[in-house]
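Below: one structure, written as structure tokens.
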Amino acid sequence: MPLIEIKVLENEFSEDDKKKLITDVTEVLTAFFGENLRNHIWVIVQELKTGNLGIGGQVIRPEDIKALRAGKGSLKL
């Protein structure tokens, strides 16, 4: 049974965004594993509290991720 765990920062995505993410990931995995496994594909979106994610010694905040998604920022590592 495929299990995919996606970790994001809290408040990074809306409930609708997370629903679409789960649906889209399920579709990709169904295309790979086959339709017979669709109902056995688990997608877990786990939200990390702000301050619990760091890259290169720098704490990453939701604002940093939102800026990256909008093409308006970069991580200074």
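This structure is a prediction, so every number in the text was calculated from the model and none was measured. Count residues from 1 along the sequence.
- Both V25 and F32 are assigned to one and the same hydrophobic cluster, defined by single-linkage of ILVMFWY side chains at heavy-atom distances under 4.5 Å.
- With hydrophobic clusters built from ILVMFWY side chains whose heavy atoms lie under 4.5 angstrom apart, I65 does not share a cluster with V45.
- Residues passing the salt bridge (charged side-chain N to carboxylate O under 4.0 Å, His left out) test with E10: none are found, sequence neighbours excluded.
- Residues P2 and L37 approach most closely at CD-CD1, 4.4 Å, considering heavy atoms.
- Among residues two or more places apart in sequence or in another chain, the side-chain hydrogen bond (donor to acceptor under 3.5 Å, both in side chains) test is passed with T23 by none.
- Note on W42: it does not cluster hydrophobically with V8, by side-chain heavy-atom contacts below 4.5 Å among ILVMFWY residues.
- Between E35 and R38, at least one side-chain nitrogen of the basic residue sits less than 4.0 Å from a carboxylate oxygen of the acidic one, meeting the salt-bridge criterion.
- With values rounded to the nearest 0.5 angstrom, L9 atom CG is found 6.0 Å from T50 atom OG1.
- Side-chain heavy atoms closer than 4.5 Å link hydrophobic residues (I, L, V, M, F, W, Y) into clusters, and following such links, even through other members, never connects I44 to L21.
- Distance CG/L29 to CG/L3: 10.0 Å, rounded to 0.5 Å.
- One finds no salt bridge joining K20 and D17 here, because no Lys/Arg side-chain nitrogen approaches an Asp/Glu carboxylate oxygen to under 4.0 Å.
- Rounding to the nearest 0.5 Å places NZ of K66 at 12.5 Å from NZ of K72.
- Expressed to the nearest 0.5 Å, how far CD1 of I60 lies from CD of Q58 amounts to 4.5 Å.
- Among all heavy-atom pairs drawn from E47 and F13, the shortest one is OE2-O, 4.4 Å.
- The CD atom of E12 lies 14.0 Å from the NZ atom of K7; values are rounded to the nearest 0.5 Å.
- Atoms CD1 and CD, on I22 and E27 in that order, are 13.0 Å from each other to the nearest 0.5 Å.
- Note on I4: it clusters hydrophobically with F33, by side-chain heavy-atom contacts below 4.5 Å among ILVMFWY residues.
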